[in-house]
Amino acid sequence: MDTTQQMQQTKSLRDMGKKLTQATLMTSPFKCDKCNNTGFILTTNDNGYEIAKECECLKERVKSSRLSFADIPEAFRDITVSSFDLSLYKTPEGKRQAEIAKKLCSNYIKNFEQMANSGKGLYLFSNTKGSGKTRMAVSIANALIKHKNTPVKFTTAIRILEEIKATYSDNNKSESDLLAAISRVDVIIFDDIGTENPTPWVKEKFYSILNERLINGKVTMFTSNCRIEKLNLENRIVNRIQKMAIPIKFPEESVRGYIAEKENENYMKMLLK
Ligand SMILES: Nc1ncnc2c1ncn2[C@@H]1O[C@H](COP(=O)(O)OP(=O)(O)O)[C@@H](O)[C@H]1O
Ligand SMILES: [Mg+2]
Ligand SMILES: [Zn+2]
């Protein structure tokens with residue numbers, strides 16, 4: 001690298017440092033004396049030029065800011081695909097489906113680069129609530145953030161639409177900025193689609209978000225209580241979801257009851273002592 005290149009790199013690193021500092025890192029819980037919380041260390045090279053080096057703390061800062069950007073519910077912050085418990089499913093069919101779903105999801109993460117290049121996400125579905133769809137979607141988000149260095153946004157269709165509505169009454173926020181941000185984020189997860197009975201306005205917004213993401217080749221994931229073809233949405237939306245996501249069937253079995261049962265068993269043992 002010649003000196004001009006080096007100076008340019010230093011400048012762009014500095015700009016990047018400033019942006020990161022202003023945008024997200026100011027609120028990050030990290031304190032670093034080495035770089036004064038800027039994420040960059042300035043040193044002088046052999047030619048007497050000042051160059052910027054990334055500080056060791058930067059990777060951790062970015063990871064932590066991504067985790068808070070993702071909006072993952074507090075209770076789900078640390079769950080993983082590998083701790084997805086197959087023994088909770090009682091019927092042979094449920095066990096089998098859970099096992100396949102777990103395998104498909106963990107292989108999806110392994111092959112994420114290729115999937116992302118083709119803009120392919122996942123569509124996790126089953127009619128029964130409490131079968132583990134949201135838990136799995138969040139585990140995938142955690143893995144992509146922590147191990148694939150990918151920004152992920154976890155949300156529900158309803159929440160996004162509320163955020164859009166909120167821009168109408170807030171002079172500091174614009175709908176187009178928000179929509180642009182939603183179309184740009186690498187991975188977005190829409191939890192629980194298909195349950196609402198959408199108004200025409202909602203359908204229009206949801207369509208334009210999905211269409212933008214499809215055109216930009218971004219990864220979109222869904223959890224839903226019905227198969228794609230049965231979604232209570234227009235054909236043009238259904239068609240786009242079919243293009244952007246691979247369907248994965250979850251068991252028709254709620255594990256909520258079993259989890260409560262297991263928990264109570266443990267307390268019972270304690271009380272019996
Ligand atoms: N395979 C699993 N292993 C461990 N916990 C699970 C599993 N499946 C579901 N749960 C837990 O059961 C509850 C309901 O699961 P959830 O993912 O919300 O279901 P769904 O989204 O299908 O309605 C959550 O508390 C979740 O953490
Ligand atoms: Mg759910
Ligand atoms: Zn530092």
Side-chain angles (χ1 to χ4, degrees), residues 13-14 16-18 20-21 24-26 28-43 52-65 71-91 93-106 122-143 154-159 189-196 221-227 231 245 247-266:
L13 279 171
R14 256 204 198 133
M16 196 166 104
K18 268 188 211 145
L20 281 168
T21 314
T24 42
L25 301 182
M26 293 300 274
S28 136
F30 279 93
K31 291 252 179 296
C32 180
D33 293 335
K34 282 190 204 156
C35 64
N36 260 328
N37 301 332
T38 61
F40 293 88
I41 299 172
L42 293 174
T43 54
K53 268 193 187 158
E54 290 190 5
C55 180
E56 289 158 21
C57 71
L58 198 62
K59 274 198 190 114
E60 284 310 310
R61 282 162 184 276
V62 170
K63 222 178 258 182
S64 136
S65 69
D71 271 340
I72 289 173
E74 198 60 40
F76 279 153
R77 279 281 165 94
D78 293 317
I79 57 155
T80 62
V81 177
S82 57
S83 65
F84 187 86
D85 188 351
L86 296 174
S87 74
L88 291 171
Y89 302 88
K90 297 298 172 208
T91 65
E93 181 65 0
K95 256 193 208 313
R96 197 183 63 88
Q97 281 174 330
E99 203 174 328
I100 297 171
K102 182 175 178 174
K103 185 174 176 181
L104 293 171
C105 292
S106 75
L122 298 174
Y123 182 93
L124 315 182
F125 72 99
S126 76
N127 296 322
T128 311
K129 268 197 176 300
S131 66
K133 302 177 290 290
T134 298
R135 189 201 187 277
M136 183 58 92
V138 172
S139 316
I140 295 171
N142 284 338
F154 179 87
T155 189
T156 60
I158 295 171
R159 201 191 308 155
I189 298 174
F190 287 111
D191 192 35
D192 250 341
I193 67 157
T195 38
E196 325 77 70
M221 312 243 191
F222 308 85
T223 77
S224 174
N225 59 2
C226 70
R227 50 181 65 250
L231 282 169
I248 298 185
K249 175 87 180 78
F250 271 65
E252 295 304 342
E253 208 180 311
S254 169
V255 302
R256 266 183 221 275
Y258 307 140
I259 292 175
E261 233 170 68
K262 247 190 185 174
E263 221 176 76
N264 284 350
E265 263 169 37
N266 288 337

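Just so we're clear, the structure is a prediction, and the values are computed from it rather than from any experiment. We number each residue from 1, following the sequence as shown. Both counts, for ligands and for their atoms, begin at 1 and track the order of listing.
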Practice task
State the atoms of ligand 1, each with its element, that fall below the 4.0 Å cut-off from a heavy-atom position in Lys129.
Solution key: 23 (O)

Exercise for the section: May I ask you to identify the nearest protein heavy atom to atom 12 (O) of ligand 1, giving residue, atom name and distance to one decimal place in Å? Expected result: Ile259 CD1, 3.4 Å

Practice task
Report yes if some heavy atom in the side chain of Tyr258 is under 4.5 Å from a heavy atom in the side chain of Glu253; otherwise report no.
Solution key: yes

Handout entry: Under-4.0 Å heavy-atom contact between protein and atom 25 (O) of ligand 1
Key = no

Exercise for the section: Fit a plane to each ring of Phe222 and Tyr123, take the angle between them on a 0 to 90° scale, and name the class: parallel (under 30°), tilted (30 to 60°) or perpendicular (over 60°). Expected result: tilted

Handout entry: Salt-bridge criterion met for Lys34 and Glu56 (N-O under 4.0 Å)
Key = yes

Problem - Nearest neighbour in protein (non-hydrogen) for atom 23 (O) of ligand 1 - result: Gly130 N, 2.7 Å

Practice task
Could you see which bit of Leu88 sits under 4.0 Å from ligand 1, with heavy atoms only: side chain, backbone, both or neither?
Solution key: side chain

Completion exercise
Numbered in order shown, the ligand 1 atoms found under 4.0 Å of a heavy atom of Tyr89 are 1 (N), 8 (N)

Problem - N or O contact, Gly132 vs ligand 1, cut-off under 3.5 Å - result: yes

Problem - Side-chain ion pair, Glu99 and Lys102, N-O less than 4.0 Å - result: no

Exercise for the section: Have a look at ligand 1 and work out which part of Thr134, if any, has a heavy atom under 4.0 Å from it: side chain, backbone, both or neither. Expected result: both

Exercise for the section: Among all protein heavy atoms, pick the one closest to atom 7 (C) of ligand 1 and tell me residue, atom and distance. Expected result: Arg135 CD, 3.6 Å

Completion exercise
Under 4.0 Å from one or more heavy atoms of Val255, ligand 1 contributes atoms 7 (C), 8 (N), 9 (C), 10 (N), 12 (O)

Exercise for the section: Assess the side chains of Thr43 and Lys53: does a donor N or O sit below 3.5 Å from an acceptor N or O? Expected result: no

Practice task
Might you confirm whether atom NZ of Lys103 has over 12 heavy atoms from other residues, nucleotides or ligands at distances under 6.0 Å?
Solution key: no

Problem - Shortest protein heavy-atom distance from atom 22 (O) of ligand 1, along with the residue and atom involved - result: Lys133 NZ, 2.8 Å

Problem - Polar contact flag for Phe76 and ligand 1 (N/O pairs, less than 3.5 Å) - result: no

Completion exercise
shortest atom 2 (C) of ligand 1-to-protein heavy-atom contact is with Asp85 N, 3.5 Å

Handout entry: Region of Arg256 that comes within reach of ligand 1 [heavy atoms, distance under 4.0 Å]
Key = side chain

